[in-house]
Structures are given as C-alpha cells and as structure tokens.
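Please read these numbers as outputs of a predicted model, since none were measured by experiment. Every number for a ligand or one of its atoms is a count from 1 in the order of the listing.
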Amino acid sequence: MTQEQTTASRQTLGFQAEVKQLLHLMIHSLYSNREIFLRELVSNASDACDRLRFEAIADPALLSAGEELAIEVRYDKEAKTITVSDNGIGMSREEMIQHLGTIAKSGTREFFSQLTGDQRKDAQLIGQFGVGFYSAFIVADKLRVISRRAAAAAAACWESDGGGEFTVEPAERAHRGTDIILHCREGNEDLLSSWKIKSILTRYSDHIATPIRMVKEEWDKDANELRATGEMETVNRASALWARAKSDITDEQYKEFYKHVAHDFSDPLAWTHNRVEGRNEYVQLLYLPSKAPFDLWDRKHTHGLKLYVKRVFIMDDAEQLLPAYLRFVRGVVDSSDLPLNVSREILQESRDVKLIREGCTKRVLSLLEDLAQNRPDDYAKFWTEFGTVLKEGVGEDSTNAERIAKLLRFSSTTASTSTAGDGMTSLADYVARMKPEQTEIYYATGDTPAAARNSPHLEIFRKKGVEVLLLADRVDEWMLSFLTEFEGKPLRSVAKGDLALDALADAQEKEEKQKAEDEFKDLVARVKEALAERVSDVRITMRLTDSPACVVVDKDAMSAHLQRMLKAAGQQVAPQAPVLELNPHHALVQRLQGEDAAHLADWANLLLDQAVLAEGGQVEDPAGFVKRMNALLLGRGSM
Ligand code: ADP
C-alpha cells in the first residue's frame with residue numbers, strides 16, 4: 001500500500017549539481033546552434049524504438065503484428081508547444097528520475113571542472129560531452145515528458161523549467177512510449193511552423209531509420225493559409241543509412257548520422273563505408289571522431305560499435321567488433337548472418353564475429369593510411385587525439401603490427417624540418433633521413449618531450465647531426481618492447497649500452513677514444529671503487545660533449561625511465577645499478593685525475609647524482625647531494 005501511495009504522489013526532486021551546470025551552460029553557449037535540440041530528441045526517440053524492437057525479439061508480445069514503430073513531431077501555435085513522440089521502449093517513473101535528473105557518465109565531475117567560463121570554448125567542450133535530452137532547454141522554458149514503459153500498466157509525467165528542480169507524478173498515456181513536450185522560450189516562436197520543423201528534420205534527421213511523421217498541411221486558398229489535413233506524412237527517408245548505396249548518401253548525411261550514432265556534437269574526421277560480401281555478409285560504416293571523448297582514459301569508458309542484425313538494432317558498444325586499440329572508432333556493423341538473439345557471450349566466441357572484427361580492423365587501418373597519405377593535416381589531428389591509443393596496437397595486434405608501425409608519429413630532434421611540417425615524423429621518413437653509415441634508429445625517452453630533448457645522451461647525436469626520436473608517452477616504453485625494428489633497422493635507446501656510433505666515427509675519433517681510455521684507466525677504476533654498489537660499471541664515453549657524465553643502462557636492462565614509471569605505478573622494481581659514463585673532454589673529469597681518495601668519493605657521488613638528475617631521475621640522498629654541492633660552491637673541495 002505504501003508503495004502505491006508513493007507512486008501515486010507528486011514528488012519534487014533536485015537535479016544533480018552537474019545537470020544544473022550543464023543546463024545553464026547549454027542555454028547560453030549553444031543558443032546559436034539551437035536547432036540541434038530536435039536532432040537530439042529525435043535521436044533518443046529512435047534509440048527508444050530500436051530498444052523496443054530488440055526487446056521484442058525475446059518477448060514478442062511487446063510488439064503486436066503489423067504495429068509500426070514511429071516518431072511523431074507536432075506543434076501547436078496557440079499553446080506554443082512542440083511535441084516529439086515515439087512508441088518505443090518508454091520510461092518508468094524511476095527511469096525518468098534516473099535518466100532525466102542525473103548524468104550517468106563517469107568522469108562527469110572532472111569534466112565540469114575543466115570548463116572555463118569562455119562560452120566559445122565551453123560550447124566545444126559540451127559538444128564533446130554530448131548534449132542529449134537536456135538540449136531541449138535551449139529553446140524551451142518548460143519541458144514535460146509523459147512516458148509509459150513497455151509492458152508497464154501506468155505512465156508518469158516529468159516536468160521542469162530547467163531551474164534546479166523537476167517534478168514527477170502519475171499520468172495517463174494510452175500506450176507505451178514517450179512524449180516530450182516543449183514550451184517554447186520567448187523568441188523561439190519561429191520554430192512553430194511546419195516548414196521550419198520539416199527543414200530542421202531534413203537537415204539533421206533524414207538518416208534516422210525510424211519514420212518521422214508530421215501532420216500534413218495544405219494550402220487553404222479561401223483562408224489564404226496553411227491548414228492541417230488530418231493526414232500524416234513521413235518527412236524523412238526512413239531507411240537505414242548504411243544500407244543505402246554510397247552514391248546515394250551526401251557528406252552532410254554521413255556527418256549527421258555520425259552525430260546520432262556517436263552522440264557527438266562535432267563532425268567526424270573521416271569515415272569508411274563498405275558492404276562485405278561472400279561467406280560472411282555485413283555492412284560496416286566506421287567513423288573516426290575529430291575529438292577524443294572526455295573520458296577516453298576512463299577504464300569504465302564504453303566503446304565499440306552499434307551492432308545490427310538485418311537492420312534490427314541489437315546492442316550498443318559491441319566491443320568485440322574492434323580491438324581495444326581502435327576503441328575510438330564509432331559506427332555501425334549490420335550483419336546478415338548473426339542470429340537475432342545474439343548475446344555478448346555469443347559474440348565473444350562467434351567465428352563470424354572474429355571475421356567481422358578482422359575486416360573492421362583492416363578497414364580502419366586503410367582509412368588511417370589513406371588519411372596519412374592524402375590528408376596529412378587531418379592525420380596530424382587524429383594523431384594528437386588518438387595516437388597514444390593506436391600505439392597499443394603495436395603490442396596487441398601482431399598481425400597488423402607492421403602496418404601500425406607505419407602509422408606511428410614521433411617528435412624528433414629534427415622532425416620540425418620534416419615535410420609534414422607538424423613537428424612529427426613517421427619511422428619511414430626517419431629512415432629516409434638516416435646518415436649513409438647509420439644502421440640503427442635512435443630514440444630517447446623521458447617524462448616529457450622537453451626532458452627527452454634535453455637529455456645529455458643526445459649530445460653526440462647533435463654533434464654528428466644524427467636524428468633522435470623523442471618519446472614521452474607513458475605507453476612508449478611498453479610499445480618499444482614490441483617495436484624492436486622497422487624495415488630491418490633496429491630501434492635503439494640512446495641511454496642503453498654501448499652505441500653503434502662507432503660506424504659514424506672516423507679513424508681519428510676512434511683513436512682518440514682509445515687514447516682517452518688508456519689515459520683515464522686509473523681514474524675509472526678509482527671512481528668505480530668509490531661508488532661501489534651505486535653503479536654496475538664506470539667507463540669513458542665519447543657520447544657527451546657538454547656534460548661531464550651520464551648514466552646508461554645495459555642494452556637489455558630496463559631503462560631508468562621505465563623503472564621510474566613502474567615505481568610510480570606502485571610496482572616492485574628490483575634496483576638496477578646504472579653504468580656511469582665519463583666525458584674525458586670535460587674539465588671536471590680531467591680535474592678528478594689528481595684528487596685524493598676522500599675528495600674523489602665526494603665528487604664521484606656528485607657526478608653520479610647530477611647525471612641521474614639530468615636524466616629526469618631522483619637522487620637517492622638529496623641531503624647528501626646538497627651538502628656536497630654546497631661544499632663545492634664554497635670552494636672547500638680541492639677542485
Ligand atoms: P544519451 O542519449 O546520450 O544517453 P540523453 O540525456 O539524451 O543521453 O538521454 C538520457 C537517457 O534518457 C537516455 O539514455 C535514455 O535512457 C532516456 N531517454 C531519453 N529519451 C528517451 C525516449 N524518447 N524514450 C526512452 N528513453 C529515453
């Protein structure tokens with residue numbers, strides 16, 4: 001009884017704080033785009049029809065034979081209302097409270113903390129966030145939603161003026177479905193015309209597969225005005241866009257369809273649309289977004305494609321249709337072979353799905369190759385937004401690793417002069433610029449591009465004019481464990497082991513190195529003894545020009561950068577003592593030659609700490625470092 005009493009009552013509830021913020025921003029930032037409200041409401045109505053059709057597969061009673069799912073848009077000039085109705089899945093009272101009072105996306109709070117107050121920028125950000133249902137408040141100062149969930153006995157009404165609160169109460173609705181009734185905000189009366197609404201629908205919603213109906217109007221000659229006829233007419237093509245011939249679809253229609261499937265506000269960057277025939281038949285329409293969603297890095301972030309089977313919507317976010325490293329791709333796959341009652345579990349095991357996944361992967365890679373080749377500026381945009389995700393493919397997809405490697409872009413010590421002019425280089429371009437004697441592709445890793453660029457390890461490369469790739473993404477070290485060579489050229493860290501730079505050294509330089517090794521043999525041994533377990537070895541190097549020393553790790557050891565990242569991620573890392581390399585040309589190193597044992601230990605520790613700092617690392621004993629440094633500044637050392 002109590003339950004019934006609560007459902008029978010009128011309840012006033014507050015919007016989640018973020019919804020309030022969103023409403024406020026939307027009304028102010030998106031006004032110049034106000035027509036999109038209709039696209040958003042029609043998109044939701046069409047999703048609701050899709051979901052009903054899907055639930056009816058398991059429960060045929062939900063959809064009686066011959067019943068057609070449709071969307072209706074009406075307006076009333078006197079009442080100043082526009083109504084968008086559908087006979088889709090509907091919402092229960094609880095669902096209304098949940099869906100129309102809160103934002104379910106994770107990361108919402110973080111998203112709102114990024115807003116700047118600058119309307120233009122915020123409008124962009126809101127676009128990325130997705131505007132949805134709430135966009136109705138751009139043109140409405142009061143909104144009523146009457147909805148009845150499929151198979152439920154009662155309907156409910158939700159109402160709000162877009163301030164801080166909304167109400168829910170019981171309502172009447174003859175059948176399942178939803179009516180969204182907008183009371184036009186002052187200044188939006190021009191929307192109350194059949195011509196205007198039709199033109200917005202044609203522009204933004206023509207691709208919607210569910211029919212959109214409006215009351216047909218005719219010119220009444222006697223009254224000299226348009227009159228409703230009582231008949232309904234369908235104002236969109238009402239056919240699945242992806243099922244049409246490519247030649248029959250305009251770019252504008254492709255773009256609007258993208259906004260519907262991706263719940264995105266901006267245009268896509270590129271798309272690919274194909275019908276695959278043969279043993280496994282399906283249509284794929286795949287899009288690259290132009291902006292990363294705000295929650296791309298959220299683990300709970302949903303991804304995947306919309307799956308249809310013979311035009312019937314089956315599920316959103318079917319992540320089995322693409323590998324994780326292509327999770328930014330949006331779009332539709334419509335299979336002719338899968339059963340209508342396919343579940344996520346079946347998808348995981350299905351051979352057909354595996355083939356679709358391979359097919360989609362190949363298509364996306366081709367699309368990226370095409371973009372890189374023919375629209376390098378757009379490819380650069382793509383890379384900025386999603387490059388880090390694509391890098392995961394090098395490790396995850398061994399079949400396509402080579403193709404992915406060609407799509408990678410890196411900053412480098414000379415890339416700003418590369419043809420693309422975007423400060424990034426491909427591995428192929430790097431190889432084309434290699435010195436004739438150069439056999440390896442060199443890279444430096446660091447926490448930031450600047451740290452990588454300023455690493456002392458680069459000194460010799462600068463001197464020799466050898467290009468070095470600069471890697472600063474968290475995923476880079478992991479990726480490099482898979483990407484060991486490109487076109488037969490090994491990739492080599494500038495901070496690891498002995499460099500194969502000998503090939504680049506002339507006879508005189510080789511002789512010089514030999515001489516220095518002989519000359520500093522004694523010092524090297526003494527420094528090694530002084531540093532004991534802090535280093536695994538000490539040696540003379542020719543790789544430095546300006547710095548006195550640097551640390552390197554063995555060729556097969558974990559790089560210092562990776563060790564730091566693993567530690568930061570809370571993982572146990574067995575300490576690995578680095579090799580300290582000394583620059584025989586540096587005055588500090590030369591002066592060490594004559595030091596007594598006590599001072600030598602201080603200076604050796606100082607050089608090591610400096611080298612670690614220059615690498616972006618942390619010194620083990622900061623206080624000791626500062627003390628030694630101060631002693632040096634005061635000239636108390638004998639240097
Ligand atoms: P999104 O569509 O991006 O999820 P919206 O704010 O547009 O976000 O809508 C929120 C939710 O409200 C939808 O996910 C859906 O569950 C529900 N909803 C909106 N419109 C309808 C409708 N016409 N019929 C049924 N449910 C709807």
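- In this structure, Glu95 falls outside the shell of residues with a heavy atom less than 4.0 angstrom from ligand 1.
- Inside a 4.0 Å radius of atom 8 (O) of ligand 1 there is not any protein heavy atom.
- Side-chain N/O atoms of Arg237 and Gln253 include no donor and acceptor closer than 3.5 Å.
- Nearest protein heavy-atom contact of atom 2 (O) of ligand 1 is Asn44 OD1, 2.9 Å.
- Residue Tyr134 places no N or O, backbone or side chain, under 3.5 Å from any N or O of ligand 1.
- Annotation: atom 6 (O) of ligand 1 to nearest protein heavy atom, Phe133 N, 3.3 Å.
- The side-chain heavy atoms of Cys49 and Asn87, taken from C-beta on, include a pair separated by under 4.5 Å.
- Lys259 has no carboxylate O lying under 4.0 Å from a charged side-chain N of Glu40, or vice versa, which leaves the two without a salt bridge.
- Closest to atom 24 (N) of ligand 1 among all protein heavy atoms lies Ala48 CB, 3.3 Å.
- The contact set between ligand 1 and Asp86, taken as ligand atoms under 4.0 Å from a residue heavy atom, comprises 22 (C), 23 (N).
- When the options Met91, His263, His99 are ranked by their closest heavy atom to atom 26 (N) of ligand 1, first place goes to Met91.
- Residue Arg51 has at least one heavy-atom neighbour below 4.0 Å for each of these atoms of ligand 1: 16 (O).
- Counting the atoms of ligand 1 from 1 in the order shown, those under 4.0 Å from a heavy atom of Gly132 are 7 (O).
- Side chain to side chain, Tyr308 and Asp50 meet the donor-acceptor criterion of an N or O pair below 3.5 Å.
- At least one protein heavy atom sits closer than 4.0 Å to atom 19 (C) of ligand 1.
- Side chains of Phe133 and Val145 form a contact here, defined as non-hydrogen atoms less than 4.5 Å apart.
- Between the side chains of Tyr204 and Asn236, no donor-acceptor pair is found at a separation under 3.5 Å.
- The pair Glu358-Lys354 meets the salt-bridge criterion, since a charged nitrogen lies less than 4.0 angstrom from a carboxylate oxygen.
- Annotation for Arg203: atom CZ does not count as buried by contact number, only 12 or fewer foreign heavy atoms lying within 6.0 Å.
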